[in-house]
Amino acid sequence: MEPVSKKKVSLVTEISKEFTFEAAHRLPNVPPGHKCSRVHGHSYRIEITVRGPVDPHFGWIVDFSELNAAWQSLHAQLDHRLLNDVEGLENPTSELLAAWVYERLSFPNFPAARVVKLRVSETCTSQCTVYPAEG
Ligand SMILES: Nc1nc2c(c(=O)[nH]1)N=C([C@H](O)[C@H](O)COP(=O)(O)OP(=O)(O)OP(=O)(O)O)CN2
Ligand SMILES: [Zn+2]
């Protein structure tokens, strides 16, 4: 009988975690009469995907609880707020919110871990995804 091959494949590994917050917003630059010019609320979902080397000792890219810790200070700034009042979110579209969150995430204990995808869902059917540009 042939021995089973133990060939090592090189893998790209990602982990993801989803967070939620509740907030109100209005979009100040929409045309007159647009429904989003009025203050309204969303149950936002933020999915964060991290890529990096799997630490040989821990066996993970980054502890899920470190993602949790990184998210907590952002959650405190966003949850049950009028997003327009948050510095940098004066025009709180999904696109600009995704960039705002992306720019503020870091994992000090796992510096090799990189956020490679961040998705904001405003509703069940409306999402925005950002990725770091190549290069
Ligand atoms: N490109 C974007 N378009 C819109 C954004 C945005 O952030 N980026 N935001 C809005 C509003 O916030 C709106 O609340 C969400 O839009 P929409 O999907 O139209 O919401 P509805 O639940 O009303 O959608 P229906 O599928 O029509 O029920 C608008 N556009
Ligand atoms: Zn909205």
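Order of appearance sets the numbers: ligands from 1, and atoms from 1 within every ligand.
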query: Identify the closest protein heavy atom to atom 17 (P) of ligand 1: which residue and atom is it, and at what distance?
result: S126 OG, 3.9 Å
- line: By ring-ring contact (aromatic ring centres under 6.0 Å, His included), H40 pairs with (sequence neighbours left out) H25, H42
Of the protein N/O/S atoms, how many lie under 2.8 Å from the Zn ion (ligand 2): 3
task: Between C36 and ligand 1, find which residue part has any heavy-atom pair under 4.0 Å and reply side chain, backbone, both or neither.
output: side chain
message: Residue-level breakdown please: for T123 versus ligand 1, do any non-hydrogen atoms fall below 4.0 Å on the side chain, on the backbone, on both, or on neither?
response: side chain
- prompt: Do T49 and E14 meet the criterion of a side-chain donor-acceptor pair at a distance under 3.5 Å?
  reply: no
task: Find all atoms of ligand 1 within a distance of less than 4.0 Å from any non-hydrogen atom belonging to T93, and give their numbers and elements.
output: 7 (O)
- prompt: Quick check: does any side chain N or O of E90 sit under 3.5 Å from a backbone N or O of G88, one acting as donor and the other as acceptor?
  reply: yes
message: Does atom CZ (R114) have a neighbourhood of more than 12 heavy atoms from anything else shown, all under 6.0 Å?
response: no
statement: Counting heavy atoms under 4.0 Å, the part of L27 that contacts ligand 1 is side chain
message: Can you check atom 30 (N) of ligand 1: any protein non-hydrogen atom closer than 4.0 Å?
response: no
Protein heavy atom at shortest distance from atom 26 (O) of ligand 1: T125 OG1, 4.0 Å
query: Hey, are the side chains of E22 and D79 touching, using non-hydrogen atoms and a 4.5 Å cut-off?
result: yes
- prompt: Is H42 close to ligand 1, meaning an N/O of one under 3.5 Å from an N/O of the other?
  reply: yes
query: What are the atoms of ligand 1, with element, lying closer than 4.0 Å to any heavy atom of H25?
result: 12 (O)
task: Starting from atom 21 (P) of ligand 1, find the nearest protein heavy-atom neighbour and note its residue, name and distance.
output: K35 NZ, 3.6 Å
message: Within the 4.0 Å heavy-atom shell around S94, which atoms of ligand 1 are there?
response: 6 (C), 7 (O)
- prompt: Would I46 and L96 show up in the same hydrophobic cluster when neighbours are defined by side-chain heavy atoms closer than 4.5 Å?
  reply: no
Derivation and outcome, side-chain contact (heavy atoms from CB on, under 4.5 Å), residues L118 and L105: CA-CA 10 Å; L118 190 147; L105 279 173; 3.7 Å; yes
- request: Tell me which one of E95, E122, Q127 gets a heavy atom nearest to atom 8 (N) of ligand 1.
  value: E95
query: Taking C-beta and beyond as the side chain, do P92 and L97 meet within less than 4.5 Å on heavy atoms?
result: no
field: Heavy atom of protein closer than 4.0 angstrom to atom 15 (C) of ligand 1
entry: yes
task: Give a yes or no on whether atom 1 (N) of ligand 1 lies under 4.0 Å from any heavy atom of the protein.
output: yes
query: Would a 4.5 Å heavy-atom cut-off, applied to side chains only, mark L78 and Y44 as touching?
result: no
- prompt: Would a distance-only check, ignoring hydrogens and angles, find a side-chain to backbone donor-acceptor pair under 3.5 Å from N84 to R26?
  reply: yes
query: Backbone N or O of H34 within a donor-acceptor pair of the S37 side chain at under 3.5 Å?
result: yes
field: Min side-chain heavy-atom separation F58-D63 under 4.5 Å
entry: no
task: Before giving the answer on side chain to side chain donor-acceptor pair (under 3.5 Å), spell out for E47 and S16 the whole-Å C-alpha distance, their side-chain angles and the decisive distance to 0.1 Å.
output: CA-CA 7 Å; E47 187 190 59; S16 300; 4.7 Å; no
